[in-house]
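Excluded from the calculations below are hydrogen atoms, water molecules and symmetry mates; all remaining heavy atoms, backbone and side chain alike, are included. This chain uses plain numbering: 1 for the first residue, then up along the sequence.
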Amino acid sequence: MYEVSEAHKARYAIHQFKVITDSLAIRGFYRPSGKFGKALENCLRSLSPEIYGSLNDPRVVELKGLEYVIDRLPRGIEECTRVILTEEDPFKDSPFERIEPFKRRRTSYRISDKEICFVISRGLSEIYDILTHMTFLNMEAAKIHTKMRDDSGNITVEWAELEKVALRKEPVSRDKVDQALWNLSIILGRSYGETKATYEYLEKTKVEYKANNGLFSLVYRLGKRIDEESSSRENMLVIYLTPSLMNIIGHQKYGRQWGADIKEKLAELGLKDRPLHIVSANLHSVVNTLYGYAAIKEVHPDIAALGDVYAFFDALKAHGDDVLAFAEKNGVHPMPDQSGSHIDCQIIDTAPLKCVEVHPGLDIETCTQDANPPVILVMDYAFGAQAFELMENLLKPLKKDNGEIRFDIRSVSVMGKAGILTGKQGDIMLATAHVFEGTSDNYNFRNDMVPEDFNAEQHSVFVGPMVTVLGTSLQNRDVLLKLKDDWKTIGLEMEGGHYQRAISAAIIKGNIPPGTRVRYAYYASDNPLQSGQTLAAGAMGKEGVRPTYMITKVILEKIFDKSAE
């Protein structure tokens with residue numbers, strides 16, 4: 001009898017999760033504790049995602065996974081029993097509280113104590129992301145609920161103590177917090193140290209960003225919701241997917257408006273005939289690289305004197321507003337998003353750069369007498385399948401009543417964060433192809449970046465195919481090892497394949513020339529195959545500065561290199 005491998009089981013679970021989610025968008029609603037919710041739970045159990053750690057251990061609550069999810073869902077999600085996903089934004093001028101999660105750019109509104117509404121503007125990837133997190137949250141809530149009552153059905157001592165702390169109005173004293181954490185660790189099945197670490201992390205983001213309601217309240221509300229569900233069907237959590245959600249499939253409402261806004265601005269600025277280079281990256285590294293040194297040279301000579309260019313960029317983080325103000329006087333035009341896509345941009349006219357001095361540690365020749373200097377469009381990170389919609393609309397000519405405006409697009413560069421399968425955090429990956437997980441779709445291309453472009457003394461540079469995954473939360477060790485073995489993939493990410501699909505389509509349609517240069521470089525934010533290095537372990541922080549600016553430096557060197565044209 002043929003034995004099904006663990007990798008095959010996991011791939012089937014990913015496919016099944018996607019099919020169920022797609023069907024729920026048509027059905028219109030489901031209950032996480034009901035039949036469809038249990039089906040999604042079974043998919044996650046079979047998959048056992050690396051990012052969710054001890055998801056399948058009924059004895060313990062997965063704390064690092066909980067931190068990861070809470071950072072990406074709106075504050076107070078644990079209190080809600082009605083969650084609505086809609087494609088429209090009917091609340092712009094309403095009195096409802098607008099909430100954006102700490103680590104995910106998505107809009108939501110708190111309608112009432114028990115109801116929250118997500119505005120889905122970033123495509124199917126956003127729906128998969130939200131439903132994956134909600135499924136995980138419901139599974140952990142069920143674990144917590146098992147510690148609420150004893151075998152006789154009476155409230156446990158630990159739960160009674162948690163309730164006192166969670167419902168307390170005034171701040172809890174330090175010694176009382178330590179006692180409460182010890183008590184909470186019993187409920188969670190975790191050590192005191194693990195519980196305290198998660199408590200302190202959530203308290204920090206709660207105070208600094210109003211990102212959550214704190215660990216005590218979170219655990220109490222999750223367990224309480226499951227308890228109330230068991231007493232009355234009316235209390236069951238219901239997730240609604242409105243009919244308008246179907247508009248996001250193929251209609252590209254947000255992407256069309258986003259692309260049109262950018263092209264209209266380029267034409268308005270008189271830049272439509274200049275060489276255009278598109279860069280998908282964060283909104284600080286390109287500006288800092290081109291303008292940072294000149295912006296602070298006089299006011300902060302101690303920072304400017306730093307010989308190590310990466311130490312300079314790290315010190316520059318505290319002066320971002322000063323750099324941006326200087327940049328806006330010298331060719332940078334910020335474009336905050338007006339379409340609802342959550343993707344801000346910067347248009348950089350490099351003509352004024354002939355008067356701007358860059359850090360002496362950079363090999364970027366901006367001081368030329370070029371009569372046709374390049375224009376750089378920096379777009380913030382897209383999310384999953386949204387990358388296709390944005391890039392496809394950006395590469396199209398601008399339609400006008402008297403014809404169309406075609407732009408001179410010379411290159412598309414993508415700098416991203418990715419999970420690495422062959423190295424360690426901070427290493428660099430140069431893609432030679434993008435393989436779509438779970439499909440036969442793959443895209444080969446010539447990457448205009450090679451390892452020799454990098455002076456990678458502290459980081460290794462890997463070259464090979466990248467796998468574009470359905471979601472970071474839907475990854476399993478066996479699947480990743482299979483992809484690494486079969487496809488020789490060096491890493492995984494969520495946008496590259498979607499970008500390349502749009503670029504290939506634009507070449508076929510004649511919107512951009514076949515010789516348009518493409519550059520894909522990723523730095524490793526995590527290694528999902530190594531314990532303690534998954535995304536749930538937290539951000540890289542200072543360690544991410546060097547690879548980020550190494551890639552930015554190479555992209556800009558190539559944009560300004562006239563000999564490469």
Handout entry: Pair Asn212, Thr205: side-chain N/O donor-acceptor within cut-off below 3.5 Å
Key = yes
Can you name the residues that form a side chain to side chain contact (heavy atoms under 4.5 Å, CB included) with [X], not counting sequence neighbours?
X      : answer
Leu481 : Arg477, Leu529
Glu194 : Leu63, Arg190, Ser191
Glu208 : Lys204
Thr21  : Phe17, Leu40, Ile127, Tyr128, Leu131

Set of ring-ring contact (aromatic ring centres under 6.0 Å, His included) partners for [X], sequence neighbours left out:
X      : value
His434 : Phe445, Tyr520
Phe136 : Tyr52
Trp159 : Tyr220

Practice task
Any pair with a residue in residues 228-243 that passes salt bridge (charged side-chain N to carboxylate O under 4.0 Å, His left out), sequence neighbours left out, goes on the list, sorted by first then second residue, please.
Solution key: Arg225-Glu229
For [X], side chain to side chain donor-acceptor pair (under 3.5 Å) partners two or more places apart:
X      : answer
Asp178 : Arg174, Tyr192
Arg27  : none
Thr242 : Thr86, Ser244
Arg11  : none

